[in-house]
Amino acid sequence: MSTQGEKNLVEGNKEYAARFTQGGLALPPAQKYAVLTCMDARIDPAAAFSIPLGAAHVIRNAGASAKDAFRSLVISQQLLGTTEVLVVKHTGCGMLTFQNEDAKGIVAKNKGSEAANEVADLDFLPFADLEQAVKEDIEWLESKAVEKEIGFTGWIYEVETGKARRVV
Ligand SMILES: [Zn+2]
């Protein structure tokens, strides 16, 4: 018996592949930019931000964290030629709802002390203020030597309306 995720993948991919025609795209993103956004299931970056296939890197993690995405951003720019990053956090983000100690407490409760030790030094990178978090991530990226010459903008996407607005 397959899971819902497997079922979606197998059946959906069959239909997708049957009408797929874009097998000849180049590896480097054609429009030379990267979008960093949250893994939140309510965000459809390709649709919401109008990204054609092959045009841009879309990097996702919990909270659209620049620090968490740094490895991918360096690869995107230095190896694959992107020159612009759009950081898009969003309203209703789960990262606004807990602090490091809460997450560690949940792991300890659910999984025991061995698991708790594994996350003891982990910064889950939660934040308390959405706009401030966007600004801080942009400042952090601009402070990195490897990111010089790269254009950064920061945005907030509203999961309630589908609208994105620029913050910085
Ligand atoms: Zn989020």
Side-chain angles (χ1 to χ4, degrees), residues 3-9 12-13 16 29 31-77 80 82-111 115-144 146-147 150-168:
T3 65
Q4 186 64 55
E6 289 173 9
K7 189 168 172 288
N8 288 353
L9 193 158
N13 180 255
Y16 182 78
Q31 296 180 359
K32 297 186 188 308
Y33 71 99
V35 175
L36 167 59
T37 195
C38 185
M39 67 186 189
D40 194 291
R42 297 167 292 181
I43 303 172
D44 180 351
F49 314 141
S50 191
I51 308 169
L53 193 66
H57 284 144
V58 177
I59 301 162
R60 305 186 71 162
N61 62 38
S65 163
K67 286 179 184 168
D68 197 10
F70 190 55
R71 181 186 67 90
S72 298
L73 289 170
V74 172
I75 291 169
S76 177
Q77 293 156 17
L80 291 165
T82 60
T83 58
E84 183 187 352
V85 181
L86 286 69
V87 176
V88 189
K89 297 185 193 283
H90 68 98
T91 54
C93 188
M95 303 306 281
L96 290 157
T97 66
F98 70 92
Q99 296 185 343
N100 266 323
E101 293 317 309
D102 302 322
K104 290 173 188 179
I106 289 167
V107 171
K109 182 166 170 280
N110 290 344
K111 305 289 288 183
N117 285 339
E118 289 171 2
V119 299
D121 296 328
L122 192 59
D123 186 350
F124 288 91
L125 302 167
F127 46 82
D129 183 309
L130 186 56
E131 285 208 20
Q132 189 59 30
V134 173
K135 289 175 186 166
E136 284 175 8
D137 266 17
I138 297 296
E139 281 169 22
W140 185 82
L141 286 166
E142 286 174 339
S143 76
K144 308 301 282 182
V146 74
E147 309 279 9
I150 303 297
F152 296 105
T153 51
W155 305 75
I156 289 175
Y157 172 78
E158 298 175 353
V159 295
E160 300 85 0
T161 63
K163 290 180 184 170
R165 63 183 170 87
R166 186 166 169 180
V167 172
V168 61

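As the structure is a computational prediction, the values presented were derived from the model and not from experiment. First listed ligand is number 1; within each ligand, the first listed atom is number 1. All residue numbers refer to positions in the sequence shown, counting from 1.
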Asks: Counting only heavy atoms not in Lys32, do more than 12 fall under 6.0 Å of its NZ?
Replies: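 No.
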Asks: Please check if the number of heavy atoms outside Asp121 that lie under 6.0 Å from its CG is greater than 12.
Replies: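 Open.
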Asks: For residues 159-168, which residue pairs pass the side chain to side chain donor-acceptor pair (under 3.5 Å) check, not counting sequence neighbours?
Replies: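 Listed once each, the pairs are Thr91-Glu160, Glu131-Arg165, Glu158-Thr161.
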Asks: One pair to check against ring-ring contact (aromatic ring centres under 6.0 Å, His included): Trp155 and Phe49. What are the steps and the verdict?
Replies: CA-CA 11 Å; Trp155 305 75; Phe49 314 141; 8.5 Å; no
Asks: Other residues, nucleotides and ligands only: do more than 12 of their heavy atoms fall within 6.0 Å of CD on Gln99?
Replies: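 No.
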Asks: Answer yes when Asp40 and Arg60 have at least one side-chain N-carboxylate O distance shorter than 4.0 Å, and no when they do not.
Replies: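 So Asp40 does not pair with Arg60 through a salt bridge.
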Asks: Closer than 2.8 Å to the Zn ion (ligand 1), which protein N, O or S atoms?
Replies: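 Correct list: Cys38 SG, His90 NE2, Cys93 SG.
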